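Taking it in order: structure first as structure tokens, then the write-up.
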Amino acid sequence: EVQVAESGGGLVQAGGSLRLSCAASGFTFDDYHIGWFRQAPGKEREGVSCISSNGGTYYADSVKGRFTISSDNANYKKTVLLEMSSLKPEDTAVYFCAATYRGGAVSRTPTEYDYWGQGTQVTVSS
């Protein structure tokens, strides 16, 4: 079974940078998508940035130009990094990594993903 785990959250001042890492393992098929989502208190979970096994990417409008997603598909374990810069207080949320078996255009909504990590807190102070 696919397992997903996030790391790298923390507290940062506005304008600063953080790197989140997602370790995903257990894939038995070649077509998959891995995405980063976030949920702030009182708000719905939303897609931040996602990447497909064929290199397609998605960025939410709110993070374009500030966040960069990349993947390292060495052997059995996939590592997906989310480099976040020029962070704003509104980026404060619990960030989740998720994965799904899927081909085609990169999936961008939480309902399209089946395997989820526990989440990591990102707090941006003003």
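Given the structure is predicted, the values throughout are model-derived calculations rather than measurements. Note that these values count all heavy atoms, side chains included, but never hydrogens, waters or copies made by symmetry.
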Look at the side chain of [X] and the backbone N and O of [Y], then say whether any donor-acceptor pair between them is shorter than 3.5 Å.
X	Y	value
E46	Q39	no
S52	V106	no
H33	I51	no
Q3	S25	no

Set of side chain to side chain contact (heavy atoms under 4.5 Å, CB included) partners for Q121, sequence neighbours left out |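 Testing Q121 for side chain to side chain contact (heavy atoms under 4.5 Å, CB included), a comparison that skips the adjacent residues, returns T92, V94, T123.
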
Worksheet item: What residues form a side chain to side chain contact (heavy atoms under 4.5 Å, CB included) with A60, not counting sequence neighbours?
Response: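 Testing A60 for side chain to side chain contact (heavy atoms under 4.5 Å, CB included), a comparison that skips the adjacent residues, returns Y58, S62, V63.
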
Please list all pairs passing the salt bridge (charged side-chain N to carboxylate O under 4.0 Å, His left out) test where one or both residues lie in [range], with sequence neighbours left out.
range	value
residues 56-67	D61-K64, R66-D91
residues 9-35	R19-E83
residues 107-126	none

Answer yes if the ring centres of W116 and F37 are under 6.0 angstrom apart, and no otherwise.
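Yes, they do, as the ring centres are separated by less than 6.0 Å.
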
Between Y32 and Y101 (judged by ring centroids, cut-off 6.0 Å), do the two rings come close enough to count as a pair?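 For Y32 and Y101, the ring centres are not under 6.0 Å apart.
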
| For C97, which residues count as a disulfide (SG to SG under 2.5 Å) partner, sequence neighbours excluded? |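 Only C22 meet the disulfide (SG to SG under 2.5 Å) criterion with C97.
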
**Message:** Within this structure, what is the CG-OG1 distance for the pair L82 and T120, rounded to the nearest 0.5 Å?
**Reply:**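 These two atoms lie 11.5 Å from each other.
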
### R38 to F96, cation-pi by 6.0 Å centre distance and 45° axis angle
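No - R38 does not lie over the ring of F96 by the 6.0 Å and 45° rule.
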
